[in-house]
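Here is the naming used below: chain letters follow the sequence lines, and residue numbers restart at 1 for every chain.
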Amino acid sequence: MTAASRAPQDARRGTDRAARLRAALDTKAAPYAFIAPFFLLFGVFGLFPLLYTAWVSLHDWSLIGGNEGFIGLENYRVLLGDAKFWNALLNTLGIFAIAVVPQLLAALLLADGLNRIVRGRGLFQIALIIPYVTSIAAMAIVFSTLFGTEYGMVNQVLGVFGIDPVNWRGGRLSSWAAIAVMVDWRWTGYNTLIYLAAMQAVPKDLYEAAALDGASALRRFWRITVPMMRPTILFTVIISTIGQMQLFTEPAVFDTGGAMAGGTQGQYQTVMMLVFQEAFRYGDYGYGSAVSWVLFLVIVVLGLINVLLTGRIKGAS
Amino acid sequence: MTVTADRPAQAPAGRPRRPAGRGRRLRRLRERAPLTYAGLLLTVLLSLFPLWWMLVIATRTTDAVARFPPVLLPGGEFAANTGRLFGNAGAHFTLGLWNSFVASATVSLSVVLFCSLAGFALAKLRFPGRNGFTVAVVVTMAVPVQVGIIPLLVLMQWLGWRGELQAVIVPFLVSGFGVFMMRQYAAQGVPDELLEAARIDGCSTLRTFWSVVLPVLRPAMVVLGLLTFMQTWNEFIWAVAVLTPDNPTVQFSINQLNESAYARDFSLMFTGAAYATLPLLILFAVFGRRLVGRIMEGAVKA
């Protein structure tokens with residue numbers, strides 16, 4: 001710092017009231033100036049659209065006609081009776097369930113494995129995180145091809161075991177499974193690293209005490225490792241919930257038609273795909289906003305359930 | 001498992017090392033290693049296979065996709081495929097690649113700068129309302145921003161930005177996660193004595209930030225920049241909503257190839273996918289170790 005050598009003289013000159021005033025102003029104002037860009041930009045492009053979604057959802061609002069008047073909760077009334085909405089919600093929750101449960105269990109097991117080994121751990125960590133740093137749309141294209149009905153490699157491999165080709169896009173469960181595989185491929189390694197870090201922070205004397213008491217390795221894993229990692233597991237569950245409820249890219253690319261319909265029967269149309277379809281394909285902003293806002297509430301409710309459930313398990317044990 | 005009492009009972013907090021006992025370590029290796037290594041190797045193979053296969057098809061002609069047994073080694077068509085990709089009239093791939101670079105780089109620089117400023121202020125400066133602002137930042141992290149895309153699009157229409165590159169840049173110039181991450185890092189990493197010394201030397205707060213704080217924050221800034229670059233590069237729903245096919249991002253562009261109605265050209269799609277993935281893999285090769293380290297500290301949100 002070049003200022004360092006000059007400063008003591010400045011201080012001794014003390015009478016310079018302008019400088020002191022400037023310093024006081026700096027101390028008072030600088031913090032607000034530093035946080036202002038974040039709060040301003042987030043307010044305009046993050047918070048405002050979110051709140052404005054609620055406002056738009058109370059209107060008959062379309063791409064072509066613009067705002068055509070306040071209609072109260074009409075969009076929500078339509079939504080509650082709309083089979084397409086319930087279908088999309090079911091798909092989103094279904095893909096979430098069959099993706100996240102195996103993903104987090106696999107991550108726990110992998111983290112436990114990494115925690116046991118010494119040699120090559122760093123290399124494994126790097127290899128496992130690579131899917132996380134790939135392009136989502138690009139990999140969705142690759143997986144969509146792997147899950148092709150006639151030419152797809154997954155079906156070819158299944159054929160080797162005498163299993164008939166699966167029409168992955170055709171059925172509800174099969175399309176969910178294909179999308180869940182894409183999601184898990186990307187996120188398992190990421191969660192593994194988070195779990196590994198949490199495992200390494202569990203005090204080792206707990207294990208020794210348990211081992212002295214004769215607890216088996218499996219028992220120690222479930223009775224010590226998992227409970228000690230509860231905050232971390234909750235963190236990953238909440239992050240996964242928020243992410244998965246907004247699932248869009250994988251199913252949208254899987255659906256090569258580009259209509260955001262999620263298959264012929266909408267068997268894998270997620271809520272975000274429905275929002276996109278209603279708002280940007282059909283131009284119905286008002287209804288699309290109602291769907292968005294309900295999705296937001298679903299995310300909040302699921303988050304609260306996560307926290308409450310974890311709290312209760314904690315209270316019980 | 002064996003019982004060992006040959007080392008001190010308490011383990012160091014934070015980032016403990018492996019147990020010191022060498023005999024125990026060897027025995028554990030012998031007991032556990034083969035199965036553990038096999039499981040991990042299998043997972044790594046599954047993790048890398050789709051990427052490998054992407055490269056294989058990108059270097060071959062389209063019929064390689066459907067062959068059985070599957071083609072598993074690269075061929076010699078990469079240059080030809082690349083030529084077709086960049087020459088494809090419908091995809092605007094070159095422009096898409098350029099747009100994605102500009103958007104990702106701009107957003108990364110902005111996020112790193114603004115989040116460092118705010119994170120430092122919230123961690124180290126004392127001012128009325130600091131706690132409230134910090135809580136607000138944490139709350140914004142949990143806000144699913146995608147939910148607001150319809151009004152955001154209306155906003156872009158008002159601004160006349162629909163179809164323009166700034167539409168995928170300006171809304172993402174800050175991130176609540178970024179502020180939180182920098183706040184955590186600054187709280188631990190920037191010693192108060194250093195700030196005090198700078199203050200006594202007569203540095204203004206901005207000057208202190210620039211010459212004293214930023215150098216300390218650099219490791220976290222690199223990771224935040226990398227993550228932001230990845231995120232912006234991957235942005236899909238918003239790009240497809242607000243941009244047009246003749247001015248796309250790279251993700252939008254490869255999706256155009258994916259959706260084109262005529263005979264699906266897999267080697268073309270996979271070459272596009274490879275080019276869309278490559279920049280991220282290069283960044284990872286350079287900064288990957290740091291990224292792994294930060295994820296391990298629980299400092300990285302999805």
**Study point:** Interface residue of largest heavy-atom contact number with chain A, from B:Ile237, B:Ile254, B:Leu226, under 4.5 Å
**Key:** B:Ile237

Revision key, fill the gap. Counting heavy-atom pairs under 4.5 angstrom with chain B, the leader among A:Ile238, A:Ile130, A:Ile242, A:Thr27 is A:Ile130

Practice item. Please look at B:Phe209 and chain A and tell me whether the side chain, the backbone, both or neither of the residue comes under 4.5 angstrom of a heavy atom of that chain. Key: side chain

Review point. Which is it for B:Phe127 and A:Lys28 under the side chain to side chain contact (heavy atoms under 4.5 Å, CB included) test, yes or no, and what are the steps along the way?
Key: CA-CA 7 Å; B:Phe127 59 98; A:Lys28 285 246 185 304; over 6 Å; no

Practice item. For each of B:Val111, B:Leu113, B:Val137, tally heavy-atom pairs with chain A at distances under 4.5 Å, and name the one with the top tally. Key: B:Val137

Review point. For B:Phe177 and B:Leu227, what are the C-alpha separation, side-chain angles and deciding distance, and is it a side chain to side chain contact (heavy atoms under 4.5 Å, CB included)?
Key: CA-CA 11 Å; B:Phe177 158 68; B:Leu227 285 169; 4.2 Å; yes

Exercise for review: Taking B:Asn234 for its side chain and A:Thr134 for its backbone only, find out whether a donor-acceptor pair lies under 3.5 Å.
Suggested key: yes

Review point. If you tally heavy-atom pairs under 4.5 Å against chain A, which of B:Leu152, B:Ile150, B:Leu280, B:Leu173 wins?
Key: B:Ile150

**Study point:** Which of A:Thr188, A:Val271, A:Ile129, A:Val300 touches chain B most, by non-hydrogen pairs under 4.5 Å
**Key:** A:Ile129

Practice item. Mark yes or no for whether B:Thr208, through its side chain, and B:Ser204, through its backbone, hold a donor-acceptor pair below 3.5 Å. Key: yes

**Study point:** Contact origin within B:Ser175 toward chain A - heavy atom pairs under 4.5 Å
**Key:** backbone

**Study point:** Per-residue contact mode, A:Leu63 against chain B (heavy atom under 4.5 angstrom)
**Key:** side chain

**Study point:** Atom group of A:Arg186 that falls short of 4.5 Å from chain B, counting heavy atoms
**Key:** side chain

Exercise for review: Run through A:Thr232, A:Asn115, A:Thr236 and flag the one making a side chain to side chain donor-acceptor pair (under 3.5 Å) with A:Tyr195.
Suggested key: A:Thr236

Exercise for review: Could you tell me whether the side chain of B:Glu235 and the main chain of B:Gln231 form a donor-acceptor pair under 3.5 Å?
Suggested key: no

Study note, to complete from the structure: Comparing B:Pro70, B:Gly119, B:Pro69 against chain A, the one with the most heavy-atom pairs below 4.5 Å turns out to be B:Pro70

**Study point:** Portion of A:Ala23 that has a non-hydrogen atom of chain B nearer than 4.5 angstrom
**Key:** neither

**Study point:** Interface moiety of B:Val170 toward chain A, non-hydrogen atoms closer than 4.5 Å
**Key:** both

Exercise for review: Please confirm whether the backbone N or O of B:Val65 pairs with a side-chain atom of B:Trp53, one donor and one acceptor, at under 3.5 Å?
Suggested key: no

Point to revise | Contact origin within B:Val250 toward chain A - heavy atom pairs under 4.5 Å | key: neither

Check your understanding: Do the side chain of A:Trp293 and the main chain of A:Trp55 share a donor and acceptor less than 3.5 angstrom apart?
Key -> no

**Study point:** Spacing of B:Thr36 atom OG1 and A:Leu109 atom CG [to the nearest 0.5 Å]
**Key:** 10.5 Å

Practice item. May I ask you to decide if B:Thr205's main-chain N or O and A:Asp26's side chain share a donor-acceptor pair within less than 3.5 Å? Key: yes

Exercise for review: Examine whether an atom of B:Phe120 lies under 4.5 Å from a heavy atom of chain A, and if so say whether it belongs to the side chain, the backbone or both; otherwise answer neither.
Suggested key: side chain

Practice item. Examine distances only and state if a side-chain atom of B:Asn258 and a backbone atom of A:Val253 form a donor-acceptor pair shorter than 3.5 Å. Key: yes

Exercise for review: Could you check which of B:Arg130, B:Met230, B:Lys124 has the highest count of heavy-atom pairs closer than 4.5 Å to chain A?
Suggested key: B:Met230

Review point. B:Pro128 versus chain A, heavy atoms under 4.5 Å apart: side chain, backbone, both or neither?
Key: both

**Study point:** chain B contacts, top residue of A:Trp61, A:Phe48, A:Phe124, A:Tyr52 (heavy-atom pairs, under 4.5 Å)
**Key:** A:Phe124

Exercise for review: Quick one: pull up CD in A:Gln125 and CZ in B:Arg289 and give me the separation to the nearest 0.5 Å.
Suggested key: 7.0 Å

Review point. Relative to chain B, which segment of A:Pro131 carries a heavy atom at a distance below 4.5 Å: side chain, backbone, both, or neither?
Key: side chain

Study note, to complete from the structure: Okay, B:Gln256 and chain A: the region with an atom under 4.5 Å from a heavy atom over there is neither

**Study point:** Interface moiety of A:Phe38 toward chain B, non-hydrogen atoms closer than 4.5 Å
**Key:** both

Point to revise | A:Phe248 portion near chain B, given a 4.5 angstrom heavy-atom threshold | key: side chain

**Study point:** B:Phe270 versus chain A, the contacting section by heavy-atom distance below 4.5 Å
**Key:** side chain

Show me, pair by pair, the donor-acceptor contacts under 3.5 angstrom made by side chains of residues 39-51 of chain B, not counting sequence neighbours?
unit_1	atom_1	unit_2	atom_2	d
B:Thr43	OG1	B:Gly39	O	2.7
B:Ser47	OG	B:Thr43	O	2.9

Exercise for review: For side chain to side chain contact (heavy atoms under 4.5 Å, CB included), just list the numbers for A:Phe34 and B:Leu122, CA-CA rounded to whole Å, side-chain angles, deciding distance to a tenth of an Å, and then say yes or no.
Suggested key: CA-CA 9 Å; A:Phe34 280 22; B:Leu122 292 175; over 6 Å; no

Study note, to complete from the structure: So, the part of B:Val147 with a heavy atom under 4.5 Å from chain A: the answer is both

Check your understanding: Is it the side chain or the backbone of B:Leu117 that comes within 4.5 Å of chain A heavy atoms, both, or neither?
Key -> both

**Study point:** Top contributor to chain B contacts, counting heavy-atom pairs under 4.5 Å, from A:Leu193, A:Val56, A:Val133, A:Leu41
**Key:** A:Val133

Point to revise | Distance-only side-chain donor-acceptor flag, B:Gln251 / A:Ser135, under 3.5 Å | key: yes

Review point. Is there a donor-acceptor pair closer than 3.5 Å between any side-chain N or O of A:Thr192 and the backbone N or O of A:Leu110?
Key: no

Review point. Picking from A:Met260, A:Met272, A:Met245, A:Arg22, which has the most non-hydrogen pairs under 4.5 angstrom with chain B?
Key: A:Met272

Check your understanding: Between B:Ile149 and chain A, which part of the residue has a heavy atom less than 4.5 Å away: side chain, backbone, both or neither?
Key -> both

**Study point:** B:Phe266 portion near chain A, given a 4.5 angstrom heavy-atom threshold
**Key:** side chain

Exercise for review: Give the minimum heavy-atom separation between B:Trp238 and B:Leu153, together with the two atoms involved.
Suggested key: CH2-N, 3.7 Å

Review point. Side chain, backbone, both or neither: which part of A:Ile136 has a heavy atom under 4.5 Å from chain B?
Key: both

Review point. Which one, B:Leu281, B:Val240, B:Leu278, leads in non-hydrogen pairs under 4.5 Å with chain A?
Key: B:Val240

Exercise for review: For B:Ile57 and A:Thr145, run side chain to side chain contact (heavy atoms under 4.5 Å, CB included): C-alpha distance rounded to whole Å, both residues' side-chain angles, the deciding distance at 0.1 Å, then the answer.
Suggested key: CA-CA 11 Å; B:Ile57 301 302; A:Thr145 313; over 6 Å; no

Review point. Which bit of B:Arg67 is near chain A, if near means a heavy-atom gap under 4.5 Å: side chain, backbone, both or neither?
Key: backbone

Check your understanding: Of the listed residues (A:Phe143, A:Tyr285, A:Trp185, A:Phe42), which shares the most heavy-atom pairs with chain B below a 4.5 Å separation?
Key -> A:Trp185

